[in-house]
Protein chains: 2
Amino acid sequence: MSDSQKFPVAAHALAYLAHKNATSPEHAISSAELAASMPTNPVVVRRVTAMLARAGLIDTRAGAGGGAWLKRPPGEIGLDQVLRAVHGCTHLGVPPPGAAGCPVGERIPVAVGAAIVAADQAAAARLAGITVADLLSTDPEKL
Amino acid sequence: MSDSQKFPVAAHALAYLAHKNATSPEHAISSAELAASMPTNPVVVRRVTAMLARAGLIDTRAGAGGGAWLKRPPGEIGLDQVLRAVHGCTHLGVPPPGAAGCPVGERIPVAVGAAIVAADQAAAARLAGITVADLLSTDPEKL
DNA sequence: GTAATCGTAACTGTTGCGATTACCAATCAG
DNA sequence: CTGATTGGTAATCGCAACAGTTACGATTAC
C-alpha cells in the first residue's frame with residue numbers, strides 16, 4: 001500500500017467539527033469549508049467523511065445547508081477508531097512469501113508477519129489513548 | 001511515502017543469516033542466496049543489506065566467496081533497530097499544512113502530527129521487544 | 001422550481017516502488 | 001597476473017496507488 005493521507009485528513013476534519021461545535025444537523029459543516037481548512041479538495045474531504053459516516057463517527061446530509069456533524073462527543077472518539085474508519089494500518093510492509101520447500105524459509109515470513117501485526121496493534125493502542133478532544137487542547141498533555 | 005517492503009526484506013535477511021549461523025566472513029551468504037529465500041531480486045537484497053551494514057548490524061565483503069554475515073548475536077538485534085536501519089516508519093501520513101491565518105486551523109495539524117509520532121514510537125517500542133532470534137523460535141512467545 | 005450540497009464515478013498527472021540491466025570495484029583461486 | 005565471483009550503485013521500465021479535478025445524479029432547504 002501507499003502513503004495515504006486519509007488518516008490525517010480524517011483527524012483534521014473531526015477536530016474541526018469539534019472546534020465548531022458541529023454536533024447537530026443545524027450546525028452541519030460543508031465539505032467545502034472543511035476542505036478550505038486543510039487545505040485540500042472538497043471531493044477528497046467527502047471521500048473521507050463518507051467513510052467516517054459509515055463508521056458511525058459522524059452523520060452527513062445532502063442538500064442546501066447540509067454537511068457533516070459529530071455523532072458522538074469529541075472526548076469519546078479515540079484516534080484508533082478514526083484509523084480503523086479509514087481502513088488505515090501502520091504499513092510496515094508485507095512479508096515476502098518465502099521460498100517454497102525450505103521449512104525454515106517458509107517459517108520466517110510467518111514470524112515477520114506476526115511482528116508487523118504486533119507493531120500495528122501497539123500503534124493502535126497508543127492512538128486509543130488520544131481523543132479528538134485532545135487534538136484541540138492547547139497544552140500537549142497526551143501528545 | 002509508500003508501502004515499502006524494505007523492513008520485511010531486512011528482517012527476513014537477518015533471520016536467514018542467523019539460521020545459517022553466518023557470523024564471520026568465511027560463512028558469508030551471497031545476495032543471490034538471500035534473494036532466493038524470499039524470493040526476490042539480488043539487487044533488492046543488496047540495497048537492503050547495504051543499509052543494514054551502514055547501521056552496523058551486518059558486514060559485507062565483495063568478491064568471490066563474499067556476501068553478508070551478522071556482526072552481532074541475533075538475540076541482541078531488536079527489530080526496532082532493523083526498522084530504523086531501513087528508515088522505516090509507520091506511514092500514517094503527513095498532516096495537511098492547515099489553513100494559514102486561522103489560529104485553530106493551524107494548531108490542528110501540529111496535534112495530528114504529534115499523534116502520528118506517538119503511534120510511531122509505540123510501534124517501535126513494541127518491535128524493540130522482538131529480536132532476530134525470536135523470529136526463528138518455533139513457538140510464538142513474543143509474537 | 002432553484003440553489004446548495006453530498007456521494008460517487010471517471011479521468012489525469014505525479015510519485016514511489018520492485019524488478020531488471022549494466023557497469024565498476026573488490027576479492028579470491030589458480 | 002588473469003579470470004571468475006560478488007557487492008554497490010546508477011539508470012531505466014512498468015505498475016500501482018494516490019491527490020486532485022470534473023462531472024453528474026440524488027437529496028434537501030427555501
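Chain naming here is simple, since letters A, B, ... match the order of the sequence lines and numbering starts at 1 in each.
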What is the distance, rounded to the nearest whole Å, between atom [atom1] of [X] and atom [atom2] of [N]?
X     : N      : atom1 : atom2 : value
B:Q5  : C:dG16 : CD    : C1'   : 13 Å
B:N41 : C:dT20 : CG    : P     : 5 Å
B:M51 : D:dG7  : CE    : C1'   : 15 Å

**OP:** Starting from the 5' end of DNA chain C, give me the residue, A:G66 or A:R47, whose nearest nucleotide shows up first.
**Re:** A:G66
Original post:
Mapping A:A64 and A:V43 onto DNA chain C by nearest heavy atom, which one lands closer to the 5' end?
Top reply: A:A64
Original post:
How about A:R72 and A:Q81: does a side-chain donor come under 3.5 Å of a side-chain acceptor?
Top reply: yes
**OP:** State, without any angle test, whether B:T131 and B:D134 hold a side-chain donor-acceptor pair at a distance under 3.5 Å.
**Re:** yes
Subject >> Residue whose nearest DNA chain D nucleotide is more 5′ - B:R46 or A:V9 >> reply: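 On the 5' side of the pair lies B:R46.
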**OP:** Taking A:H12 for its side chain and A:S37 for its backbone only, find out whether a donor-acceptor pair lies under 3.5 Å.
**Re:**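 Answer holds: yes.
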**OP:** Using atom types as modelled and distance alone, determine if a side-chain donor or acceptor of B:Q5 lies under 3.5 Å from a backbone N or O of A:P95.
**Re:**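 Here the side-chain-to-backbone pair does not exist.
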Original post:
Just to confirm, is there a sub-4.0 Å distance from OP1 or OP2 of D:dA19 to any side-chain nitrogen or oxygen of A:T40?
Top reply: no
Original post:
What is the pairing partner of D:dC30, taking Watson-Crick or G-U wobble pairs with both distances under 3.5 Å in any strand?
Top reply: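 Pairing partner, where one exists within any strand: C:dG1.
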